[in-house]
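These notes are about the structure you will find just below.
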Amino acid sequence: MAPRWKWKGAEAKAFAEPISNTVSELQSSLSQTEASGFLSSCNVLLSVEPEQAELLDRCCFGRPVVCAEKNKRWIQLTFEEAFFLFYKLKCIDKISLQSCYLENEVDLWRSMRSFKPNFAMFYKAYSHLRSKNWIVRSGLQYGVDFVVYRHHPSLVHSEYAVIVQSIGEYNRLRVWSDIHCSVRLTGSVAKTLLVLYINGKVNTENMNLPLCLDDYTVEEQTIRRWSPELSREDETRT
Amino acid sequence: MAPRWKWKGAEAKALGEPISKSVSELQLALAKTESLGSLSSCNVLLAVDTEQAELIDRCCFGRLVLSADKVKKWIQLTFEEAFFLLYNLKCIKISLPGRYLEDEVADTWLYMKSKRPNFPMFFKAYSHLRSKNWVLRSGLQYGVDFVAYRHHPSLVHSEYSVLVQSSDSDRLRVWSDIHCAVRLSGSVAKTLLTLYVNGNFKEEDLNLPVCLEKYTVEEQTISRWSPELSREDDTKISKPTVSHLKTV
């Protein structure tokens, strides 16, 4: 399916400002001010300057939290977003949990994994897509794990509805009714169902280190309905 | 959600011919001729005459199979439909080509169970709703196990999309699946209904259909709760006509 741009000129605007550029800008801006975040059992709160909040919004990381502070902006990040900024882009300096700082990635990784048991595979999937410059957001309202956008959600509709599966530990698509359910719902919102299979030693000691991420592989698979009428070879196609 | 009748007069027609009555007529008509169903690994083929075929269609059991046979009509039944006719309504006989069935009911049960391990709980759910005179059909195209109609599908749209659940279910294990099922059900104007079939599935008495008596079925609907539509004051926003939101 071709990308659905939201307004005339949106595609041109997207071409002129690639996500990769905006991410680099964000990276240097955040590194300069040694941004720090606060970890809770379900998200990370990041305190930033107004200009940085604008950059975060342009790259689509997190959601702004309404607050009364005039000089600072607070952004609520998911674990995946926060870990990506911390570990991959290296632009968050430290994250504190309650009253102590988690300065290295190992502590942060372990904390997040203790709060969210399937964090490892979700993060692998998230960073796999983000590294290809897809914008990744929660897909819960569409009955999936993530939805991915080719560019900013204000310019384009998301194209893929993503379900993350770990080899050997399936919670979705175990039976035909779920496959039909997901494909039908995904189709009704003009998206393609994409399943990311995360392969790797998911349950060994290495799991305690984010380095284990290098051991994982990601296999992409789209699932669509096949329509005989639309797949005929002859010229007189409907 | 109120039942959606398909045409003006459909509701009156339905009220005039309750499903329970058609089922009794079917029961008598089939028992008289000792109708025989032929069991295969995935369904049961039943040979009937024209009047019986019409009654079966009125009660919505099975699907008519196109055939060149001028005398008989052939109906393809699911395991649940066939076993319901065999065990609950006691109006058909079953044969398994190439095998002699000593105890028709018990042997059919064992055979169906061997082909589909989840057959016992699916049948419990099927008979639970059929006994209440709901018409049941496959829900696969809606991403569920069954869809339930208040009367014949030519008169009314199905109201419930049904998922059969037990302690080790393959559906609704995570929130994304719950949202998926609720949203899809709502988009086709149905309420998601889960039937929890409780019982001891691993014991030996599963070999006999009497084990069905020991199962209980717990019904639970899952729908979205909308704060706006659930306020208590008088100045309520009127409900949209096509909506997947339901007040609980």
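Each chain gets a letter, A, B and so on, in the order the sequences are listed, and its residues count up from 1. Small disclaimer: the values here were computed from a predicted structure and weren't measured.
- Rounding to the nearest 0.5 angstrom, the gap separating the CG atom in B/L163 from the SG atom in A/C181 is 7.5 Å.
- Between the side chain of B/R183 and the main chain of A/Q141, a donor-acceptor pair closer than 3.5 Å is present.
- The interface of residues 125-137 of chain A with chain B, defined by heavy-atom distances below 4.5 Å, is empty.
- A/S177 and B/R171 get closest at one heavy-atom pair: OG-NH1, 2.9 Å.
- For A/R184 (side chain) and B/L184 (main-chain N/O), no donor-acceptor pair under 3.5 Å exists by modelled atom type.
- With rounding to the nearest 0.5 angstrom, the CD1 atom of A/I163 is 7.0 Å from the SG atom of B/C180.
- Shown here for B/R173 and A/N171, the closest heavy-atom pair between the two residues is NE-OD1, 2.9 Å.
- Heavy-atom pairs under 4.5 Å with chain A peak, among B/I178, B/L140, B/L172, at B/L140.
- The neighbour count for A/Q98 CD, taken as heavy atoms of other residues, nucleotides or ligands under 6.0 Å away, does not exceed 12.
- Contact annotation for A/V164: neither backbone nor side-chain heavy atoms come within less than 4.5 Å of a heavy atom of chain B.
- When B/D170, B/D177, B/D168 are each tested for a salt bridge (Lys or Arg N to Asp or Glu O under 4.0 Å) with A/R174, only one passes: B/D170.
- The 12-atom threshold is exceeded at CZ of A/R58, counting heavy atoms of other residues, nucleotides or ligands nearer than 6.0 Å.
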